[in-house]
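So the structure is just underneath, and the comments pick up after that.
Naming convention: chains lettered A, B, ... in sequence-line order (proteins, then strands); numbering from 1 in each chain.
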Amino acid sequence: MPELPEVETVRRSLLLRLQGRQILWVETSAATLRQGAGAGRWRSCVGAYLADITRRGKYLVFELDDWAAVLHLGMSGRLLARRSGEAVLPHTHLRIGFEGGWELHFIDPRRFGVAVLLAAREVTSWVPLAQLGVDALDGDLEAALASLADSRAPIRNALLDQRRIAGLGNIYANEALARAGIRPTVPAGRLTPARRARLAEAIRSTLADALAAGGTTLADGGFVDAAGEGGYFAVSLAVYGRDGQPCRRCGRAIHRVVLAGRSAYYCPRCQR
DNA sequence: AAGCCAACCTGGACGC
DNA sequence: TGCGTCCAGGTTGGCT
């Protein structure tokens with residue numbers, strides 16, 4: 001569910017409500033996430049103040065004095081800023097109580113998410129973060145795409161590799177390729193410099209538009225921001241999830257193919 | 001050694 | 001109504 005625009009939308013809506021507040025208590029549930037620290041360690045951030053929340057790719061880093069909470073939403077994760085006294089929703093794995101009656105709830109039915117508390121100085125060397133490539137929103141995408149010159153992997157797959165470009169998921173990888181007029185199956189190393197430049201620009205504009213729309217909330221209502229509000233970029237999707245439907249530009253039916261086990265979508269006329 | 005593939009887990013949509 | 005099958009915004013470890 002959550003790719004860069006969704007994670008960034010959550011980050012901003014959380015900051016609005018929680019920045020500068022002190023942590024009063026922390027509660028973790030028994031069910032483990034893909035990666036999670038034990039309840040004992042989480043307790044050590046009680047008393048800390050939330051100075052800032054930063055984002056690296058799809059990860060959020062909560063700066064808590066000498067500590068840092070690193071969160072990843074996986075496929076089904078939600079972060080909600082709730083008022084104390086509100087019901088605890090099913091699949092809530094972590095609750096952090098802040099001054100002012102605010103609580104941060106991490107909810108994740110499929111439990112592919114990550115929630116770890118690190119010492120602040122451990123953050124940059126923590127392996128999942130250390131391995132991330134340039135950020136899709138403000139990194140040097142031209143250089144990252146040029147580094148794929150030897151790759152024979154389909155460009156859609158290469159765009160999902162977080163070690164090259166961090167932040168794209170299946171929706172925005174497909175959407176950016178549609179904007180750039182590039183078929184998802186084209187080998188990454190076969191793109192000309194001109195096409196790489198067009199793709200870099202398409203990634204930037206796609207993410208910017210999605211961010212302006214507050215992210216993509218599909219029909220199942222999966223993604224919501226800290227206040228529980230969905231985004232409205234779904235109505236702007238050119239190809240993702242639209243197989244069999246007409247291309248918005250030329251009218252031809254959108255095709256779906258499976259690459260590396262995951263759906264890829266494209267217009268057979270507009271994308272070569 | 002790059003690049004597939006299944007696995008992790010739950011819920012929702014669909015067909016019979 | 002119910003049950004079975006398929007699919008999903010991500011990441012990773014193990015295989016070729």
Side-chain angles (χ1 to χ4, degrees), chain A residues 1-11 29-36 55-60 70-79 89-93 106-116 126-133 136 147-177 184-190 206-207 210-211 213-225 230-244 256-265:
Chain A
M1 167 211 336
E3 305 179 31
L4 189 152
E6 290 74 36
V7 176
E8 179 63 20
T9 297
V10 173
R11 185 187 75 83
S29 78
T32 59
L33 298 165
R34 182 161 54 87
Q35 282 189 60
R55 183 190 54 75
R56 288 269 285 127
K58 301 170 194 170
Y59 287 85
L60 289 176
V70 181
L71 271 54
H72 189 292
L73 299 175
M75 289 276 265
S76 58
R78 292 180 175 193
L79 282 170
L89 299 172
H91 307 294
T92 299
H93 300 109
F106 186 16
I107 301 155
D108 186 9
R110 291 179 71 180
R111 290 194 271 135
F112 290 174
V114 174
V116 292
W126 190 62
V127 170
L129 289 182
Q131 286 182 342
L132 293 180
S147 78
L148 294 167
D150 294 331
S151 173
R152 291 185 297 111
I155 183 63
R156 197 294 310 265
N157 296 3
L159 291 179
L160 294 179
D161 184 351
Q162 304 296 301
R163 295 167 304 182
R164 302 276 184 174
I165 297 173
L168 294 177
N170 204 25
I171 294 178
Y172 298 111
N174 278 283
E175 290 298 307
L177 287 168
T185 50
V186 172
R190 297 280 287 276
T206 302
L207 294 179
L211 197 48
T216 298
T217 299
L218 267 11
D220 66 5
F223 164 72
V224 292
D225 71 5
Y232 51 89
F233 192 70
V235 297
S236 306
L237 293 175
V239 291
Y240 183 83
R242 298 192 65 243
D243 58 308
R256 181 180 89 100
V257 293
V258 175
L259 300 175
R262 309 187 66 192
S263 294
Y265 304 88

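Summarising the geometry, the separation between CG on A:L259 and C1' on B:dG3 is reported as 12 Å, rounded to the nearest angstrom. A:D161 places its CG atom 10 Å from the P atom of C:dT11, with the value rounded to the nearest Å. Distance CZ (A:R56) to P (C:dG10): 18 Å, rounded to an integer number of Å. For the pair A:D108 CG and C:dT11 P, the computed distance is 12 Å after rounding to whole Å. Following rounding to the nearest Å, A:N170 (CG) and C:dA8 (P) show an atom-to-atom distance of 8 Å. The nearest whole Å value for the distance from the CG atom in A:N174 to the P atom in C:dG10 is 10 Å. Rounded to an integer number of Å, the gap from A:D150 CG to B:dA1 P is 13 Å. Residue A:R156 contributes atom CZ, which lies 10 Å from atom P of C:dG10 at whole-angstrom precision.
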Base contacts versus sugar-phosphate-only contacts with protein, heavy atoms under 4.0 Å: please encode nucleotides 6-13 of chain B as B, S and - from 5' to 3'.
--BBBS--
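With sequence neighbours excluded, the residues forming a side-chain contact (heavy atoms from CB on, under 4.5 Å) with A:P187 are A:R190, listed by chain and number. A:T92 meets the side-chain contact (heavy atoms from CB on, under 4.5 Å) test with A:V88, A:L89, A:R95, A:H105, A:I107; sequence neighbours excluded. Applying the salt bridge (charged side-chain N to carboxylate O under 4.0 Å, His left out) criterion to A:R111, with sequence neighbours excluded, gives no partner residue. Annotation: ring pair (Phe, Tyr, Trp, His ring centres under 6.0 Å) contacts of A:Y265 (sequence neighbours excluded): A:Y240. Applying the ring pair (Phe, Tyr, Trp, His ring centres under 6.0 Å) criterion to A:F112, with sequence neighbours excluded, gives no partner residue. By the side-chain contact (heavy atoms from CB on, under 4.5 Å) test, A:T185 pairs with A:R183, A:V257, A:L259, sequence neighbours left out. Judged as a side-chain contact (heavy atoms from CB on, under 4.5 Å), and not counting sequence neighbours, the contacts of A:A188 are A:L148, A:S151, A:I155, A:A158.
The closest donor-acceptor contact from the side chain of A:R55 to the backbone of A:E8 lies at 3.5 Å or more, if one exists at all.
A sub-4.0 Å separation between OP1 or OP2 of C:dT11 and a side-chain N or O of A:Q162 is present. The phosphate of B:dC4 has OP1 or OP2 within less than 4.0 Å of a side-chain N or O from A:N157. Between A:R262 and C:dG10 there is a side-chain polar atom (N or O) within less than 4.0 angstrom of OP1 or OP2. Here A:H72 reaches the OP1 or OP2 of C:dT11: one of its side-chain N or O atoms lies under 4.0 Å away.
For the residue pair A:N157 / A:R262, no side-chain donor-acceptor distance below 3.5 Å is found, with atom types taken as modelled. A donor and an acceptor atom, one from each side chain of A:D225 and A:T9, are nowhere located under 3.5 Å apart.
Going from atom OH of A:Y172 over to atom CG of A:L160 covers 13.5 Å, rounded to the nearest 0.5 Å. From A:K58, atom NZ reaches atom CG of A:L132 across 10.0 Å, with rounding to the nearest 0.5 Å. The distance from atom CD of A:E6 to atom OG1 of A:T217, rounded to the nearest 0.5 Å, is 7.5 Å. Atom-to-atom distance recorded for A:L177:CG and A:L168:CG is 9.0 Å, nearest 0.5 angstrom. Distance check: A:I171 CD1 to A:T216 OG1 gives 5.0 Å after rounding to the nearest 0.5 Å. In this structure, CZ in A:R78 is found 11.0 Å from NE2 in A:H91, a value given to the nearest 0.5 Å.
If you check every strand for non-hydrogen atoms under 4.0 Å, A:P187 touches nothing.
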Where each pair must be Watson-Crick or G-U wobble with both distances under 3.5 Å, what dot-bracket representation of DNA chain B is obtained, with crossing pairs in [ ] and other-strand partners as |?
.|||||||.|||||||
Worked verdict on A:Y59 versus A:Q162 for side-chain hydrogen bond (donor to acceptor under 3.5 Å, both in side chains)
CA-CA 11 Å; A:Y59 287 85; A:Q162 304 296 301; over 6 Å; no
If you restrict it to nitrogen or oxygen atoms, what contacts under 3.5 Å exist between nucleotides 5-7 of chain C and the protein, and what is each distance?
none

Tabulate atom names and distances for all N/O pairs under 3.5 angstrom spanning the protein and nucleotides 13-16 of chain C.
none

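DNA chain B lies under 4.0 Å from no heavy atom of any residue of residues 231-239 of chain A.
Taking atom P on both C:dG14 and B:dC9, the two are 16 Å apart, rounded to the nearest angstrom. Only the P atoms considered, C:dC7 is 15 Å distant from B:dC5, to the nearest whole Å.
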